[in-house]
Amino acid sequence: MRVRIAPSPTGDAHVGTGRTALYDYLFVRQTGGTFIMRIDDTDLARNTAHAEAGVYQGLHWLGLDWTEGPDKGGPHAPYRQSERLPLYHRYAEQLLTTGHAYHCFCTAEELEAERALQTASKEDPRYSGKCRDLSASAKEALTASGKIPTVRLRVKGGVIGFNDLVRGRIETDTSLMGDFIIVKSNGIPVYNYATVVDDYLMEITHVTRAAEHIVNTFPQLLIYDSLGWPTPHFAHFSTMLNEDKSKLSKRKGATYIGQYAEMGYLPEAMVNFLAFLGWSPGQSDEEMYTLDELVEKFSFARCTPSNAIFDVKKLDWLNAKWIRRLAPADLAVRVLPFLRKAGLVENEVDLGWLTRMTTLIQERMVRLDDAPTVASIFFREPTPAVEEIRAMLAGVDGKAILAAVATTLASVTWAEADIETALRKLQADLGLSTKIFFMTLRLAATGSKVSPPLFASIEVIGRERMLKRLAGLISAT
RNA sequence: GGCGCGUUAGUCUAGUGGUCAGGACGCCGCCCUCUCAAGGCGGAAUCACGGGUUCGAGUCCCGUACGCGCUACCA
């Protein structure tokens, strides 16, 4: 099995490209096939010069890799369409000599006018075939006048079709189709043509892509046929949409894989989520799958044909699940860049301490970039919650209570369990309700009514900083 | 407009002629609890519509509606 992903070099990997690449990768690994990277850069106007790195980076982040491509080389190099022009010309020449294609001298303006006329008279706009049977002398004259022709494929009518791996039989009548351009006047092949030449020469067995390419398959089928080439298998995946059902675009949320990495989504979660957007393992209640598990389960037949909305809420849930599943030490390392970015960590940190801290925030994060918020009390001094504590301790001697806490903490063994035992005993001795006492402590320790578990938090904050925070409050109360 | 694809709760989906239409996210409620989370339990919510075929249709066929795609010398 040989499968290719053919992104345009836009500088970033689109999530749609990511999902298709993921499906390709799963299929290829499952079948022991080869995954190929090909850069479709025939749209000169749109190309950012060699901006492939961003695309590679996004896919690599997901954990995907290929064995042939511009960056890897391979038996069918080059893997960039802009470097394969001679190939396209060779087969265009073949099509021309066999009579399957012909030169068309119509200008873009003439075609535009023709189309306008047809639309006005309510005809379906399609090429009239004006240059279809030009005489040799006419062609010579046009060439002599300096006109540069395009190459058009001669379309003969009839019903054609293919068996889509996810949708079944798809057919159309080509009598509705005009002769279409395969090589532009600037010598660059059109997508539909270049794709066919490349897929054939690169021995692609399964052509996989998004549903918007379904109708492109028809002209491609015609090209395969005209060249006398066998057709590969085709699989068209569902389209991914925004929450308002519009096509996934940058306007309405993140579109590129790199953006999700920056927001603190885990590649494990992203892969899991993307896999389930348009595919399902069938009868199973299991929601979490690793890349390896997906390799085992994936199949084209279980891909859904209908469009799928990219539901960030579900992604968030999955991400939170994956965060909780990570070993704390692993999570700590992943969280660190986000803490640095937020300015909470500037120099080296003690990884043991960071890991301990991470266990406290692990269940309180949806994304990695939640860490700076949730964990700030372990790095920065909170604003003293003087007023809240006063309100909490209304009617009792607050200063004395805080002092008792300080005294207790000053001598206790510094470990969560011991801190808890000591403080619970103090609570009993003071005769305060658990709610009041521990909320007061939480306010004192963290400056907030919401925080990670109290005793462990106190431990992680450390004796010195705890006593300092208490001292500050005692003098302010 | 033409052609193509699609349509199970708000969302992702299971279902391949006979099920109380299953699961998950989200939402609501309860429990647990030092707060917040997490976790547990429970709840509301779905087969787009109309015709067929059949003893029986979410499942098969036709039509309609709606959505998406293509209709370029874009990919």
Side-chain angles (χ1 to χ4, degrees), chain A residues 6-8 10 40-47 81 104 106-108 111-112 115 119 122-126 148-152 164 167 170-174 176-178 180-192 194-195 209-219 236 238-239 241 243 245-247 273 276-287 302 304-318 320-321 324 360-366 374 420 423-424 427 433-443 446 448-455 457:
Chain A
S8 297
T10 54
D40 277 18
D41 56 353
T42 54
D43 186 1
L44 297 179
R46 235 161 49 169
N47 275 345
Q81 291 194 322
C104 170
C106 299
T107 63
L111 293 171
E112 183 62 42
R115 222 172 293 133
T119 333
K122 290 193 173 166
E123 279 175 64
D124 295 334
R126 71 173 126 150
I148 301 160
T150 59
V151 179
R152 277 186 192 271
D164 191 274
R167 289 151 207 272
I170 300 178
E171 293 182 333
T172 200
D173 188 345
T174 56
L176 281 353
M177 206 186 288
F180 56 88
I181 290 171
I182 58 174
V183 181
K184 306 182 225 176
S185 54
N186 64 3
I188 304 293
V190 139
Y191 166 76
N192 275 333
T195 298
R209 40 165 66 146
E212 63 232 54
H213 287 289
I214 291 175
V215 281
N216 282 330
T217 310
F218 300 128
H236 290 96
S238 63
T239 310
L241 306 173
E243 287 183 58
K245 296 194 177 178
S246 62
K247 206 173 166 184
F273 177 72
F276 271 68
L277 242 189
W279 170 85
S280 126
Q283 305 270 28
S284 168
D285 290 350
E286 185 51 52
E287 300 281 336
R302 293 217 58 89
T304 10
S306 49
N307 293 171
I309 291 173
F310 193 98
D311 182 6
V312 182
K313 285 267 177 53
K314 183 125 185 195
L315 208 210
D316 283 344
W317 172 78
L318 255 182
K321 287 284 245 193
R324 280 171 247 136
L360 302 188
I361 62 170
Q362 185 160 25
E363 282 184 352
R364 271 155 277 264
M365 277 192 284
V366 168
V374 184
E420 173 163 7
L423 289 175
R424 283 195 189 279
Q427 180 225 333
S433 76
T434 43
K435 276 233 185 309
I436 298 274
F437 183 65
F438 290 125
M439 189 49 86
T440 302
L441 265 176
R442 166 166 286 107
L443 283 165
T446 71
S448 165
K449 286 187 173 179
V450 175
S451 82
L454 186 56
F455 309 114
S457 293

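Everything numeric here is computed off the predicted structure, so don't read it as measured data. Here is the naming used below: chain letters follow the sequence lines, and residue numbers restart at 1 for every chain.
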* **Considering all heavy atoms, the nearest A:H236-A:A211 contact** => CB-CA, 4.2 Å
* **A:E287 CD - B:U11 P separation (whole Å)** => 17 Å
* **Euclidean distance, atom CG of residue A:N192 to atom C1' of B:A75 [Å, nearest integer]** => 9 Å
* Asked: Are the side chain of A:D316 and the backbone of A:V366 linked by a donor-acceptor contact shorter than 3.5 Å?
  -> no
* Structure fact -> In whole angstroms, the gap separating C1' of B:C12 from CZ of A:F276 amounts to 10 Å
* Asked: What does nucleotides 62-72 of chain B look like as a protein-contact string, B for base, S for sugar-phosphate only, - for none, at under 4.0 angstrom between heavy atoms?
  -> ------SBS-S
* Asked: What orientation do A:Y191 and A:H213 show, parallel under 30°, tilted 30 to 60°, or perpendicular over 60°?
  -> tilted
* To do: Mind checking A:A308 for me? I need base, sugar-phosphate or nothing, with any heavy atom below 4.0 Å counting as a touch.
  => sugar-phosphate
* Asked: NA contact type, A:C106, heavy-atom cut-off 4.0 Å: base, sugar-phosphate, or nothing?
  -> base
* Structure fact -> A:F310 atom CZ is separated from B:C25 atom P, nearest whole Å, by 18 Å
* **Main-chain N/O of A:G278 paired to A:S238 side chain as donor or acceptor, under 3.5 Å** => no
* To do: Applying salt bridge (Lys or Arg N to Asp or Glu O under 4.0 Å), name anything that partners A:R302, two or more places apart in sequence or on another chain.
  => none
* Which parts of nucleotides 34-39 of chain B does protein reach within less than 4.0 Å, heavy atoms only, written one letter per nucleotide 5' to 3' as B for base, S for sugar-phosphate only and - for none? -> BBBBSS
* To do: Kindly say if A:K314 contacts the phosphate of B:G10, meaning a side-chain N or O under 4.0 Å from OP1 or OP2.
  => no
* Under 3.5 Å donor-acceptor, A:T304 side chain and A:S306 backbone -> no
* **A:S185 side chain near B:C73 phosphate (N/O to OP1/OP2, under 4.0 Å)** => no
* **salt bridge (Lys or Arg N to Asp or Glu O under 4.0 Å) partners of A:E286, counting only residues at least two apart** => none
* To do: Taking A:D40 for its side chain and A:S8 for its backbone only, find out whether a donor-acceptor pair lies under 3.5 Å.
  => no
* Asked: By side-chain contact (heavy atoms from CB on, under 4.5 Å), which residues pair with A:P219, not counting sequence neighbours?
  -> A:M177, A:F180, A:N192
* Structure fact -> Contact string for nucleotides 42-47 of chain B, one letter per nucleotide 5' to 3', B = base within protein heavy-atom range under 4.0 Å, S = sugar-phosphate only, - = neither, reads ------
* A:E286 CD to B:A14 P, straight-line distance once rounded to whole Å -> 17 Å
* **Length of the NZ-C1' vector between A:K313 and B:G26, whole Å** => 6 Å
* Within this structure, what is the CG-to-P distance between A:L315 and B:A24, rounded to whole angstrom? -> 19 Å
* Between A:W279 and A:D173, which is nearer to the 5' end of RNA chain B once each is assigned its nearest nucleotide? -> A:D173
* Of the nucleotides B:A75, B:A14, B:C5, which has the atom closest to the A:K184 side chain? -> B:A75
* Taking only the side-chain nitrogens and oxygens of A:R209, find out if one of them lies under 4.0 Å from OP1 or OP2 of B:C5. => no
* Could you tell me the separation between the CG atom of A:D285 and the C1' atom of B:C25, rounded to a whole number of Å? => 14 Å
